[in-house]
Peer 1: 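Pasting a structure below so you can have a look.
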Amino acid sequence: MGFLKRLFNKAKVKSPWVFHFNSGSCNGCDIEIIAALMPRLDLERFGVKLVGSPRHADIMLCTGPVTEQIKPRLQRIYEQMAEPKYVVAVGSCACSGGVFRGAYNVLGGVDQAIPVTAYIPGCPPKPAAITYGAYQLLRVLADMMGVEPAQLAPEFEEPAPPSPECGTIETEVAEI
Amino acid sequence: MTSTEKRVVIPPRVSIPIGPQHPALKEPGMFKLTIEGEYIVDAEVNIGYNHRGVEKLAESNTHIQNLYLLARICGICSATHNGNYAQAVEFAAEVEIPERAKYIRTLIWELDRIHSHILWLGVAFHEVGFDTAFMYTWRDREVVMDMLESISGNRVHHDMNTVGGVRRNVPDELVPRLLRGLDRLEERMKYYRDVVIYEKTFWDRVAGVGILETDVAKRTGAVGPTARGSNVPVDVRFNDPTQAYIPMMDTGDFEMVLSDRCDVAGRSVVRVVETLQAIDMCRWLLQNMPDGPIRERVRPRIQPNEVLARHEAPRGELIHYLVTNGTDKPERIKVRAPTHANWVSMAHTLRGNYLADAPIILAAIDPCYSCTDRVVIVDAEDDTMELVPLDVMRVRANKWYKMHPRREE
Ligand code: SF4
């Protein structure tokens with residue numbers, strides 16, 4: 001593998017830019033994705049950055065059971081993404097249709113419209129689950145691209161798998 | 001052939017489509033803005049990307065299943081849909097639920113309002129480019145999310161209500177923790193109130209933007225903070241209280257939050273002050289919560305009846321219209337979500353503003369497409385917008401259900 005190729009691969013694993021597409025979800029998953037990017041869990045420490053355009057993105061986070069009307073748009077946006085591209089289905093709806101499975105205007109799952117790389121189930125998945133899912137995806141990507149995990153940033157620790165424990169209310173709120 | 005005649009050059013009108021995927025939009029909706037130079041002269045709203053067919057699906061589900069389905073209409077105000085449907089079924093069955101259940105239901109509604117308003121505040125800060133405050137608000141929102149999680153077990157879809165009461169109790173050990181969380185939230189919200197009012201970065205972007213005059217707001221039937229920001233006193237909690245709002249309003253400690261500014265700033269102030277008020281309401285509910293059972297058994301078959309249940313969702317008045325037919329399934333359920341009522345005034349508020357202000361004006365009604373797309377046709381300025389015509393949709397639905405009978409006994 002040439003040096004440039006190796007550099008590219010490393011960059012891709014170290015800084016995947018994600019793009020979020022709502023294919024008819026209830027917003028629950030969307031706000032949890034944003035919550036995962038927010039200061040408490042801070043997905044950005046893995047280099048994950050939310051971008052607004054599919055052309056800049058490596059990973060598309062899809063939420064929602066694809067509706068008939070959004071399907072052509074979803075496929076078009078998928079085609080607009082640059083290779084290599086990965087799709088993560090976030091939430092039960094995106095995985096299988098969830099509660100909306102069987103409704104007349106719903107396809108039932110993102111994989112009915114476009115290929116999906118990873119599934120994060122839950123209704124909605126907790127931000128911790130999304131972080132964990134993102135980490136697992138990055139690990140698989142690192143394997144596929146032949147990047148040594150040691151080459152990743154030293155702070156790139158495995159997050160704890162999501163637990164059913166609730167957070168504590170007395171969360172740190174920093175003084176400003 | 002030179003003409004000395006002066007020519008008036010009319011700036012060309014350009015029509016800009018925004019959406020259905022756009023960085024300024026969090027959900028799939030489509031706006032067609034016609035602009036002249038920098039000014040918006042016309043706006044068209046095209047929605048329906050999020051239409052999933054919930055109402056149709058609900059007709060083939062039992063009432064208990066519908067509680068969970070309707071909660072998933074919208075993830076931000078899930079407690080309102082869930083609670084209001086439970087309320088509607090109880091009205092139809094003509095049962096009274098225990099006092100404690102009423103208090104818990106109202107507590108969840110109010111906590112949900114706090115979370116929704118803080119979320120909105122963050123989005124508004126983001127839309128005006130004030131991302132620091134966006135991060136701060138979302139971090140503080142985690143406090144209320146934890147409170148909801150410790151009560152209901154889930155962060156977003158609480159699903160606390162069931163027909164005849166609530167599913168979980170609020171244990172006494174939790175109350176001091178919740179009160180501590182409320183104190184923390186209050187302190188932070190006071191800070192954000194000052195940020196909204198005194199911080200030039202925010203105020204200058206919203207003051208005088210997106211004017212919605214009182215009479216227009218009344219005429220177009222705006223609801224919720226959009227209407228209250230234009231000095232229209234509509235708030236179901238005060239006008240037509242249900243559940244524990246009745247004893248709460250009897251104390252006379254709470255007043256409807258109104259603003260006569262009629263612009264985006266007015267709507268922001270209404271939301272922030274309302275959050276502070278909701279914190280007080282939660283405190284009142286926790287301190288006055290009576291003891292007793294939390295649920296009443298209701299027979300699954302609901303007598304034939306026709307009811308209309310109203311509730312003040314964070315975005316405005318939410319209406320569930322329910323027809324029951326003596327079985328355990330509804331005959332018809334119609335959801336009128338608050339965003340739908342606010343769409344009509346949308347085109348008016350956009351007109352005459354700068355294009356750069358469009359995102360914050362759109363965000364100011366706190367649009368929730370997933371709630372609104374129960375309906376496919378929208379009238380914006382007597383232009384009928386329909387992406388999939390209603391009769392086509394109906395034919396498709398009937399065909400689908402003929403081919404796929406869902407859980408038919
Ligand atoms: S999985 Fe749940 S939270 Fe996510 S979009 Fe579907 S219904 Fe909403």
Side-chain angles (χ1 to χ4, degrees), chain A residues 19-32 34-35 37-42 50-54 63-65 67-70 73-74 76-77 80 91-93 97-106 122-127 164-174 176, chain B residues 20-24 26-28 48-54 56-57 60 65 68-69 71-76 78 119 135-136 138-143 145-147 149-150 153-157 177-178 180-181 184 187-188 191 368-370 373 387-388 393 396-397 399-401 404 406-407:
Chain A
F19 156 76
H20 163 216
F21 187 78
N22 177 335
S23 53
S25 91
C26 77
N27 288 341
C29 287
D30 312 52
I31 58 177
E32 291 298 69
I34 316 254
L37 289 158
M38 284 296 131
R40 186 190 268 183
L41 279 165
D42 199 8
L50 195 64
V51 289
S53 159
T63 56
T67 61
E68 292 279 357
Q69 193 167 340
I70 205 98
R73 300 290 181 150
L74 178 62
R76 216 165 99 191
I77 284 171
Q80 284 174 2
S92 308
C93 284
V99 275
F100 305 113
R101 200 179 175 89
Y104 68 95
N105 211 31
V106 160
C123 182
K126 283 189 186 181
E165 283 296 299
C166 305
T168 52
I169 294 171
E170 291 95 318
T171 322
E172 272 310 299
V173 174
I176 301 162
Chain B
Q21 207 293 317
H22 191 265
K26 305 285 168 292
E27 290 175 74
Y49 289 97
N50 222 333
H51 176 82
R52 291 158 293 189
V54 171
K56 191 76 192 160
L57 191 55
S60 58
Q65 287 171 330
Y68 303 98
L69 174 64
R72 279 149 184 81
I73 284 180
C74 174
I76 303 177
S78 68
L119 182 146
M135 294 276 169
Y136 278 159
W138 277 68
R139 184 197 53 197
D140 295 337
R141 181 177 153 270
E142 292 291 327
V143 177
M145 296 309 272
D146 284 343
M147 288 161 70
E149 190 180 0
S150 55
N154 204 344
R155 282 167 55 91
V156 171
H157 289 303
R177 275 173 67 197
L178 294 177
R180 266 208 304 285
R184 170 145 268 156
E187 178 196 324
R188 297 300 303 158
Y191 171 76
C368 179
Y369 303 68
S370 48
D373 290 353
L387 281 168
V388 183
M393 193 68 106
R396 193 198 283 170
K399 200 167 123 210
W400 172 270
Y401 280 103
H404 306 79
R406 191 167 185 263
R407 276 174 257 170

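Throughout, protein chains are lettered first and strands after them, A, B, ... in sequence-line order, and every chain is numbered starting at 1.
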Peer 1: Just verifying a value: how many Å separate B:Met145 CE and A:Glu32 CD, rounded to the nearest 0.5 Å?
Peer 2: 5.0 Å

Peer 1: If you take all heavy atoms of A:Asn27 and B:Cys74, which pair is closest and at what distance?
Peer 2: ND2-SG, 4.2 Å

Peer 1: So which heavy atom on A:Val99 is nearest to which on B:Leu57, and how close?
Peer 2: O-CD2, 3.7 Å

Peer 1: What residues, two or more places apart in sequence or in another chain, satisfy side chain to side chain contact (heavy atoms under 4.5 Å, CB included) together with A:Met38?
Peer 2: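 Applying side chain to side chain contact (heavy atoms under 4.5 Å, CB included) to A:Met38 gives A:Ile34, B:Phe134, B:Met135, B:Trp138.
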
Peer 1: Would you please name every residue forming a side chain to side chain contact (heavy atoms under 4.5 Å, CB included) with A:Ser92, sequence neighbours left out?
Peer 2: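 Testing A:Ser92 for side chain to side chain contact (heavy atoms under 4.5 Å, CB included), a comparison that skips the adjacent residues, returns A:Cys123.
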
Peer 1: Using non-hydrogen atoms only, which part of A:Ile77 is less than 4.5 Å away from chain B: side chain, backbone, both, or neither?
Peer 2: side chain

Peer 1: Step by step, would you call B:Arg72 with A:Cys93 a side chain to side chain contact (heavy atoms under 4.5 Å, CB included)?
Peer 2: CA-CA 10 Å; B:Arg72 279 149 184 81; A:Cys93 284; over 6 Å; no

Peer 1: What's the shortest heavy-atom distance between B:Asn154 and A:Pro124, and which atoms?
Peer 2: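 Residues B:Asn154 and A:Pro124, closest heavy atoms: OD1-CD, 4.3 Å.
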
